[in-house]
Visitor: 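Sending over a structure as structure tokens; questions will come in a sec.
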There are 2 protein chains.
Amino acid sequence: MSQQPARTTFSHLPADKQERVLNAALNEFADQGYHQASLNRLVARAGIAKGSLYQYFPNKEGIFRHIFQLALGRVRQTLVAVKDSTENENLFIRLEKSLKAGVRFLQEHPRIYSLYLKIQFDRQVPFRQEFLAAVRRHAGEYFGSLISRARARGELRPGISEPAALFLLDAVFDRFLQAVAVPYLDVTFNLHQAPEEIVQRRIRELIDLLREGLAA
Amino acid sequence: MSQQPARTTFSHLPADKQERVLNAALNEFADQGYHQASLNRLVARAGIAKGSLYQYFPNKEGIFRHIFQLALGRVRQTLVAVKDSTENENLFIRLEKSLKAGVRFLQEHPRIYSLYLKIQFDRQVPFRQEFLAAVRRHAGEYFGSLISRARARGELRPGISEPAALFLLDAVFDRFLQAVAVPYLDVTFNLHQAPEEIVQRRIRELIDLLREGLAA
DNA sequence: ATTTGATATGACCAACTGGTCATGTCGCAG
DNA sequence: CTGCGACATGACCAGTTGGTCATATCAAAT
């Protein structure tokens, strides 16, 4: 993360032009992924010349990096807000609110979420490893802090493996958001573009299962 | 799934040549995804001429479709085998054995698994929706049958939402396999290429959490 | 009025893509 | 020996890609 991905020229630009370029770039990367993203299309959508793009950024990787860092900032910001605003509640209430906040984020920033999904399994994306590690670290710190606090308050069943609990929460939450965002990923919940009220009910059912378990 | 993806010419070929071509194709698609896969590279690896490839298959989509159907067959075969071989056991034993079988499959067929992951979030892959639906249907039927049987035997806590249980299992299992196969996806379990014994322990911890829940 | 430096531009480039096709090889039937 | 049909081949095509660069524009400073 050491190099500056955007040239100074870009920062001197009028704000609305910067916005147009960033917007076009996020659109392009979010719905095409890194490699299929076309800079020709990008400049066309942004309404600038090809040469201009290369006055703003050193190359395709630079644009991508810039976009990704902006996106990561928004995620971090949201996580912090949710964590702080539920600090004194019970673990399972916190989990419920966290998942709701996740769904809200994904509805408000569908392109950011789509970008994240695209990156996840394409080993050829530059900096993928670095970026994925950053995202997972945030998630880990988030759930880790919820779990530690819950344990301190005696809300957790004794003898539970903390790494296992963390893995479980991360897995279920991530998949829930995926199912809301992506069609055909979800066997029975039919979460994709489901009405608000259904989503809320499913969230409660899931948290209940996590709390009480499957066994009789 | 109506059209025949491979030409008759291909089926007339000596078995070892067929193998070479299919092998090269699976390699290429598995580590490049659909769009980045290059037919020039593919023919080079397979040791055949470009023109020959087009005597075997109608186009890139045809090759892809053929490969995918073969892969899907292997998955189906494995699922059926595991289901039958554990038919009379307790739900949580079945789950443990299923997850172990999943890990084994992924170690034996890493390219098939990689292909599946690549397809998952790339909306531009042809037939993606059709193929994803097929995979999820298999998973749904599998877990659905385990859960129904468990309920009939009274192994499930009463009042549990079956769709929620199914979603939970599908989510956790899928993510577990992903974490074993892909680096940096997993916050604390460090499953990627972990030694057998660690993986086994993690499986038991997870199943325990699923069975008994998180709450005190 | 002239110079200067920052910014804008799109024709251009080599490299590659999926796909085609005229030509060739070769075993076998007549 | 001839001819035929199945299969093999790689030069070739139009289209697209990321990236470059000589040239143009234009406001501010002199």
Side-chain angles (χ1 to χ4, degrees), chain A residues 3-22 24-29 31-68 118 122 124-127, chain B residues 3-22 24-29 31-68 118 122 124-127:
Chain A
Q3 293 165 47
Q4 205 62 6
R7 297 238 152 93
T8 64
T9 302
F10 186 65
S11 62
H12 294 161
L13 250 39
D16 68 306
K17 191 165 191 176
Q18 284 187 36
E19 192 104 3
R20 253 168 49 225
V21 173
L22 293 179
L26 179 53
N27 276 327
E28 185 65 18
F29 282 121
D31 58 50
Q32 303 289 339
Y34 179 77
H35 286 283
Q36 276 190 258
S38 154
L39 300 188
N40 293 318
R41 242 186 339 242
L42 197 163
V43 296
R45 286 193 195 178
I48 62 171
K50 185 94 159 275
S52 298
L53 190 61
Y54 281 85
Q55 300 226 23
Y56 307 153
F57 301 94
N59 51 33
K60 194 179 185 181
E61 284 193 3
I63 308 169
F64 181 69
R65 175 167 225 141
H66 191 86
I67 292 295
F68 201 99
K118 288 252 166 48
D122 186 347
Q124 323 268 351
V125 171
F127 324 117
Chain B
Q3 294 166 45
Q4 206 61 6
R7 299 238 150 94
T8 64
T9 303
F10 185 65
S11 61
H12 294 159
L13 250 40
D16 67 307
K17 192 166 190 176
Q18 285 188 37
E19 190 104 4
R20 250 168 51 224
V21 173
L22 293 179
L26 180 53
N27 276 327
E28 185 65 17
F29 282 120
D31 56 52
Q32 303 290 338
Y34 179 77
H35 287 284
Q36 276 189 259
S38 154
L39 299 188
N40 292 320
R41 238 182 346 235
L42 197 164
V43 296
R45 286 193 196 178
I48 62 171
K50 185 95 160 274
S52 298
L53 190 61
Y54 281 85
Q55 300 225 23
Y56 307 153
F57 300 93
N59 51 34
K60 193 178 186 180
E61 285 193 3
I63 308 169
F64 182 68
R65 175 166 226 141
H66 191 86
I67 292 294
F68 201 98
K118 287 251 166 52
D122 187 347
Q124 322 267 354
V125 171
F127 324 116

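Remember, predicted model here, so these are calculated numbers, not experimental data. Letters go in sequence order (proteins before strands), and every chain restarts at 1.
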Visitor: Any donor-acceptor pair under 3.5 Å linking the side chain of B:K60 with the backbone of B:A37?
Guide: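 Checking the backbone N and O of B:A37 against the side chain of B:K60, a donor-acceptor pair under 3.5 Å is found.
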Visitor: Is B:H35 reaching over with its side chain to a backbone N or O of B:Q124, donor-acceptor style, under 3.5 angstrom?
Guide: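 Pair found, side chain donor or acceptor close to backbone of B:Q124.
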Visitor: If you take all heavy atoms of A:A24 and A:R45, which pair is closest and at what distance?
Guide: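 A:A24 and A:R45 have their closest heavy atoms at CB-CB, 4.1 Å.
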Visitor: When you check every protein heavy atom under 4.0 Å of nucleotides 4-19 of chain C, what one-letter string (B, S, -) results, 5' to 3'?
Guide: ---SBBB------BBB
Visitor: A:F64 and ring pair (Phe, Tyr, Trp, His ring centres under 6.0 Å): which partner among A:F127, A:Y34, A:F57?
Guide: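 Single pass found, and it is A:Y34.
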Visitor: Would you kindly give the CZ-to-P distance between B:F57 and D:dC7, to the nearest whole Å?
Guide: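 To the nearest whole Å, that distance equals 14 Å.
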Visitor: Do the side chain of B:E28 and the main chain of B:V43 share a donor and acceptor less than 3.5 angstrom apart?
Guide: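 Such a contact is absent between B:E28 side chain and B:V43 backbone.
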Visitor: On a heavy-atom basis, which atom in B:L22 and which in B:H66 lie closest, and how many Å separate them?
Guide: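 Closest approach of B:L22 to B:H66, heavy atoms only: CD2-CD2, 3.6 Å.
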Visitor: How are the rings of B:F10 and B:Y56 set relative to one another: parallel (under 30°), tilted (30 to 60°) or perpendicular (over 60°)?
Guide: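 Judged by the thresholds at 30° and 60°, the geometry between B:F10 and B:Y56 is tilted.
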Visitor: Does B:Q55 offer a backbone N or O that forms a donor-acceptor pair with the side chain of B:R7 under 3.5 Å?
Guide: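 Not confirmed, B:R7 side chain does not pair with B:Q55 backbone.
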Visitor: Give me the distances for all protein-to-nucleotides 23-29 of chain D N/O pairs that come in under 3.5 Å?
Guide:
none

